[in-house]
Asks: 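The structure is given below, and queries will be raised subsequently.
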Amino acid sequence: MIVWLNGTHGAGKTTTSTLVQELIPNSRVFDAEKVGETLMDITPGLPQTDNFQHWPPWRPLVVETARRVLDYTGGTLVIPMTVLVEQYWREISTGLTQHAIPIHHFVLHADQRTLRARIEGDTVMGPSLFRLNHLEPYAEASRTWLHEEAEVIDTTHLTPAEAARQIAEAVKR
């Protein structure tokens, strides 16, 4: 099974994913961003883009990596990864479904003011223009398709532990 934690930067995906993993037996966190980093390391580089998700190989490689890990280990993969382009989500979710891998898709949501404050006040990664630039695309995806495709967990007033408990309980249902 896949527990996909979607949402924009600053919503709490990375922190929450570790806590979810602790609550779901036989689960592991799979950071699909590492697949993108592998593609970024190819030399000479792939065609220029501002986001590795735009490279066509990224989506099927995420599916194939998740499938292979689950074939090897069984259990659950918790994947904290922002996907805001509907076509990309369709490619990933369809690919996983074709391999009979159930997906529990969650969106960690917070209002724009809270997200901006979290990003600007991040003491680990520091403020990030890249992360701030994804606030409007997230808002657009939320309005048009994303919130209809997932269970929305509003993290505006939740701790990561509270959000993780809600996700783990929803997966058990």
Asks: Please report the closest heavy-atom contact between Ala32 and Ile79, naming both atoms and the distance.
Replies: CB-CG2, 4.1 Å
Asks: Please identify each residue that fulfils side chain to side chain contact (heavy atoms under 4.5 Å, CB included) with Ala164, with sequence neighbours left out.
Replies: Thr16, Leu19, Val20, Leu23
Asks: First locate atom OG1 of Thr156, then atom CZ of Arg113, and finally report the distance between them rounded to the nearest 0.5 Å.
Replies: 9.5 Å
Asks: Do Arg116 and Leu135 pass the side chain to side chain contact (heavy atoms under 4.5 Å, CB included) test, and can you show the C-alpha distance, the side-chain angles, and the key distance before you say yes or no?
Replies: CA-CA 8 Å; Arg116 184 173 298 283; Leu135 293 180; 3.8 Å; yes
Asks: If every non-hydrogen atom of Val63 is compared with every non-hydrogen atom of Gly95, which pair is closest and at what distance?
Replies: CG1-C, 3.6 Å
Asks: Let me confirm one number: the OG1-CD distance from Thr144 to Glu86, rounded to the nearest 0.5 Å.
Replies: 6.5 Å
Asks: Flag yes if Met1 and Ile167 sit in one hydrophobic cluster, no otherwise; membership is Ile, Leu, Val, Met, Phe, Trp, Tyr, and two members link when side-chain heavy atoms are under 4.5 Å apart.
Replies: yes
Asks: Taking Thr49 for its side chain and Asn51 for its backbone only, find out whether a donor-acceptor pair lies under 3.5 Å.
Replies: yes
Asks: Assigning hydrophobic clusters by single linkage (Ile, Leu, Val, Met, Phe, Trp, Tyr; side-chain heavy-atom cutoff under 4.5 Å), is Ile101 placed with Ile24?
Replies: no
Asks: When rounded to the nearest 0.5 angstrom, what is the spacing between CD in Glu140 and CG in Leu84?
Replies: 10.5 Å
Asks: Only one of Lys13, His134, Glu33, Arg131 clears side-chain hydrogen bond (donor to acceptor under 3.5 Å, both in side chains) with Thr82; which?
Replies: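 With Thr82 as partner, side-chain hydrogen bond (donor to acceptor under 3.5 Å, both in side chains) holds for just one option, Lys13.
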Asks: Quick one: do Leu129 and Met125 end up in the same hydrophobic cluster if we chain Ile, Leu, Val, Met, Phe, Trp and Tyr together by side-chain heavy atoms under 4.5 Å apart?
Replies: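 Not linked; separate clusters.
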Asks: Identify the heavy atoms of Tyr138 and Leu108 that sit nearest to each other, and give their distance.
Replies: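 The answer is OH-O, 4.1 Å.
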Asks: Quick one, Leu39 with Leu46, criterion side chain to side chain contact (heavy atoms under 4.5 Å, CB included). Give me CA distance, side-chain angles, the key distance, then yes/no.
Replies: CA-CA 8 Å; Leu39 293 173; Leu46 298 177; 4.0 Å; yes
Asks: Do Glu151 and Arg173 meet the salt-bridge criterion of a basic N to acidic O distance under 4.0 Å?
Replies: yes
Asks: Check whether Arg67 reaches the backbone of Leu96 with its side chain - one donor and one acceptor, N or O, closer than 3.5 Å.
Replies: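 Looks like no, no N/O pair under 3.5 Å.
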Asks: List in chain and number order the residues that pass salt bridge (charged side-chain N to carboxylate O under 4.0 Å, His left out) with Glu136, two or more places apart in sequence or in another chain; answer none if no residue qualifies.
Replies: Arg143
Asks: Tell me, with the steps shown, if Lys172 and Glu169 meet salt bridge (Lys or Arg N to Asp or Glu O under 4.0 Å).
Replies: CA-CA 5 Å; Lys172 291 176 188 173; Glu169 288 169 11; over 6 Å; no
Asks: A side-chain contact here means heavy atoms from C-beta on lying under 4.5 Å apart; do Val35 and Phe30 qualify?
Replies: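 Yes, their side chains come closer than 4.5 Å.
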Asks: To the closest 0.5 Å, what do you measure between CZ (Arg28) and CG (Leu77)?
Replies: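 Nearest 0.5 Å value for the CZ-CG distance: 8.0 Å.
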Asks: Can you label the angle between the Trp4 ring and the Trp89 ring as parallel, tilted or perpendicular, going by 30° and 60°?
Replies: perpendicular
Asks: Going only through I, L, V, M, F, W and Y residues with side-chain contacts under 4.5 Å, is there a path from Val69 to Val3?
Replies: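 Different clusters: Val69 never reaches Val3 through Ile, Leu, Val, Met, Phe, Trp or Tyr contacts under 4.5 Å.
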Asks: Could you report the tightest heavy-atom contact between Val107 and Ala150, atom names first, then the distance?
Replies: CG2-CB, 3.5 Å
Asks: Please name the residue in the list Val152, Val171, Asn6, Val78 that meets the side-chain contact (heavy atoms from CB on, under 4.5 Å) test with Phe106.
Replies: Val171
Asks: Give me the atom names and distance for the closest heavy-atom approach of Pro127 to Glu120.
Replies: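 Nearest pair, atom of Pro127 first, then Glu120: CG-O, 3.4 Å.
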Asks: Would you check if the distance from the ring center of Phe130 to the ring center of His9 is below 6.0 Å?
Replies: yes
Asks: How long is the span from the CG atom in Asn133 to the OG atom in Ser128, to the nearest 0.5 Å?
Replies: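 Asn133 CG to Ser128 OG: 8.0 Å, rounded to 0.5 Å.
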Asks: Does Leu146 offer a backbone N or O that forms a donor-acceptor pair with the side chain of Glu149 under 3.5 Å?
Replies: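 Not a single qualifying donor-acceptor pair exists.
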Asks: Is the shortest side-chain N to carboxylate O distance from Glu64 to Arg68 below 4.0 Å?
Replies: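 Salt bridge between Glu64 and Arg68, a charged N being under 4.0 Å from a carboxylate O: yes.
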Asks: Testing Arg118, His109, Gln166 for side-chain contact (heavy atoms from CB on, under 4.5 Å) with Thr155, which one passes?
Replies: Arg118
Asks: Is Gln21 reaching over with its side chain to a backbone N or O of Ser27, donor-acceptor style, under 3.5 angstrom?
Replies: yes
Asks: Once you round to the nearest 0.5 Å, how far does NE2 of His54 lie from CZ of Arg59?
Replies: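 Here the interatomic distance stands at 9.0 Å.
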Asks: Check the side chains of Thr38 and Asp41 for a donor-acceptor pair under 3.5 angstrom, ignoring hydrogens and angles.
Replies: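 No, no side-chain donor-acceptor contact under 3.5 Å.
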Asks: Indicate yes or no for a side-chain donor-acceptor contact from Thr15 to the backbone of Gly12 under 3.5 Å, with no hydrogens or angles considered.
Replies: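 Looks like no, no N/O pair under 3.5 Å.
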Asks: Can you find a pair of side-chain heavy atoms, one from Ile2 and one from Leu70, that are under 4.5 Å apart?
Replies: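 The answer is yes, as the side chains (C-beta and beyond) meet within the 4.5 Å cut-off.
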Asks: Mark yes or no for whether Trp55, through its side chain, and Pro47, through its backbone, hold a donor-acceptor pair below 3.5 Å.
Replies: yes
Asks: Side-chain heavy atoms under 4.5 angstrom apart, residues restricted to Ile, Leu, Val, Met, Phe, Trp, Tyr: same cluster for Ile103 and Met81?
Replies: yes
Asks: Show the numbers, then the answer: is there a side chain to side chain contact (heavy atoms under 4.5 Å, CB included) between Gln53 and Val85?
Replies: CA-CA 9 Å; Gln53 291 185 16; Val85 177; 5.6 Å; no
Asks: Compare every heavy atom of Ala110 with every heavy atom of Asp154, then report the nearest pair and how far apart it is.
Replies: OD1-CA, 4.1 Å
